[in-house]
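Each remark here refers to the structure printed beneath this line.
Side-chain atoms are counted along with the backbone in the values below, which use heavy atoms only and exclude waters and symmetry mates. Ligands are counted one by one from 1 in listed order, and the atoms in each one are counted from 1 as well.
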Amino acid sequence: MKRALILNAISSQIGGVLIRGERGTAKSTAARALAALLPEIEVVADCPFNCDPSGLDTLCDNCRDRLARGEKLPIARRRIRFVDLPVSATEDRVVGTLDIERAIQKGERHFEPGVLAAANRGLLYVDEVNLLDDHVVDLLLDSAAMGVNVVEREGISFSHPARFILVGTMNPEEGDLRPQLLDRFALCVDMHGLTDPRQRVAIVERRMAYEQDPEGFYQEWLPREQQLSREIAEARARLPRVTYTQRDLFTIAQLTTSFKVDGHRADIVILKTARAHAAWAGRLAITEQDILLAAELTLPHRLKRQPFEEAVMDVEQLEEQLHKARAEAPQEVILRAGDQVESGTKKALSR
Ligand SMILES: [Zn+2]
């Protein structure tokens, strides 16, 4: 779970994670903790959509209008937002609403921002995503994929950026997600309570230490948190330079074929996740290990279920298939990010 969350923090292109598991396994604690680790961002200070002042092509319609009028956009630095979506959320609450009466009476376009506005460039947490209205889940996943929210009513439209890290949780005992929706969560992890008594004791001890002295607990763990936060920022900066070869692509393709995965989403997600993992590990090219760890997070919810059988991801089987795929993949190496590779590698070596 921690790995899946951190990789999404390194690469916002991955497309979110679904955490499946029983209650009381710190799913929401982990997601909240991640938001606190992410670097601060620059925003248009008074924009409800947290527009990026340096991303002129992703501005909301309001900021765009202000620039067109010659206004200067005020800039502020802010921690990224953690937005919690309630299970009872309706479509209007999620996407926001256009005030049609005001448009007709005063000729003004007025948009009431929804959850997607608050979540832009932040982390959107959806607890019990399987209990949410299917239509609302569809909207969330659409927005997560497109990075923009467009609301149209009676010929009037408003659009704003809506890019966020989507973290959903569910307890499978309370009902499943439709396979179409499952497949659109990039990564998936299955959580279980720990069975080792020593680890269970450690959890109780930490929890008690926190309750007795929250401030002292925070101070004790702060250096570790800051270290992790720095490592995420470094990996983010390294990510654009991480390369892959055609052989890696064949390995991924043979792997997904051997697991009879539907469609092509899994291949793309494995590649993006493997690159994020390489960046996290301080490397500038992906390795077999990156592909293996990425596949472990990408395949669990995409395996076809046999009747009367649980679809379980078997790590040994995965490793075996990966070695087979690697052996069968063509040997020639075609580098992607071309000339940047060498200088990047040199820089890494000279550090
Ligand atoms: Zn804006």
Side-chain angles (χ1 to χ4, degrees), residues 8-16 31-32 34-86 89-126 136-167 232-233 236-237 239-240:
N8 268 286
I10 293 168
S11 170
S12 55
Q13 304 277 308
I14 291 176
R32 273 173 207 282
L34 181 75
L37 292 175
L38 293 173
E40 284 191 342
I41 51 170
E42 263 190 0
V43 297
V44 175
D46 53 356
C47 171
F49 312 101
N50 310 303
C51 278
D52 178 358
S54 67
L56 291 182
D57 49 340
T58 63
L59 292 178
C60 73
D61 286 354
N62 286 344
C63 287
R64 221 179 277 275
D65 289 349
R66 289 167 75 182
L67 276 184
R69 286 197 301 267
E71 254 183 73
K72 200 172 178 310
L73 300 173
I75 296 175
R77 284 185 74 80
R78 195 178 291 156
R79 290 226 70 98
I80 86 143
R81 282 218 180 103
F82 178 94
V83 178
D84 201 341
L85 183 79
T90 59
E91 174 174 351
D92 278 358
R93 179 78 197 85
V94 171
V95 300
T97 46
L98 270 166
D99 190 340
I100 295 296
E101 269 185 21
R102 193 147 146 186
I104 293 168
Q105 286 169 359
K106 297 186 185 164
E108 282 173 14
R109 185 174 58 171
H110 182 78
F111 180 74
E112 196 55 52
V115 172
L116 292 179
N120 184 36
R121 302 173 71 209
L123 192 151
L124 182 60
Y125 179 72
V126 190
V136 172
V137 181
D138 243 342
L139 288 169
L140 288 178
L141 290 165
D142 268 344
S143 171
M146 308 295 292
V148 61
N149 177 34
V150 184
V151 180
E152 271 172 317
R153 262 187 78 193
E154 329 241 339
I156 305 170
S157 89
F158 186 90
S159 77
H160 68 80
R163 237 174 241 296
F164 46 83
I165 302 173
L166 181 65
V167 180
I232 290 174
R236 275 187 166 198
L239 179 66

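- Rounding to 10°, one obtains 110° for the angle at the Zn ion (ligand 1) between SG (C47) and SG (C60).
- When distances to the Zn ion (ligand 1) are checked against a cut-off of 2.8 Å, H160 contributes no N, O or S atom below that limit.
- Remark: F49 CZ to F111 CZ distance equals 5.5 Å, nearest 0.5 Å.
- Here the Zn ion (ligand 1) is the vertex; the SG atom in C51 and the SG atom in C63 give an angle of 120° (to 10°).
- Each of R163, R121, H160, R78 was checked for a side chain to side chain donor-acceptor pair (under 3.5 Å) with N50, and the lone residue meeting it is R78.
- To the nearest 0.5 Å, atom CG of residue L123 and atom CG of residue L37 are 11.0 Å apart.
- One distance of note links CG of N120 with CG of D52; it measures 9.0 Å at 0.5 Å rounding.
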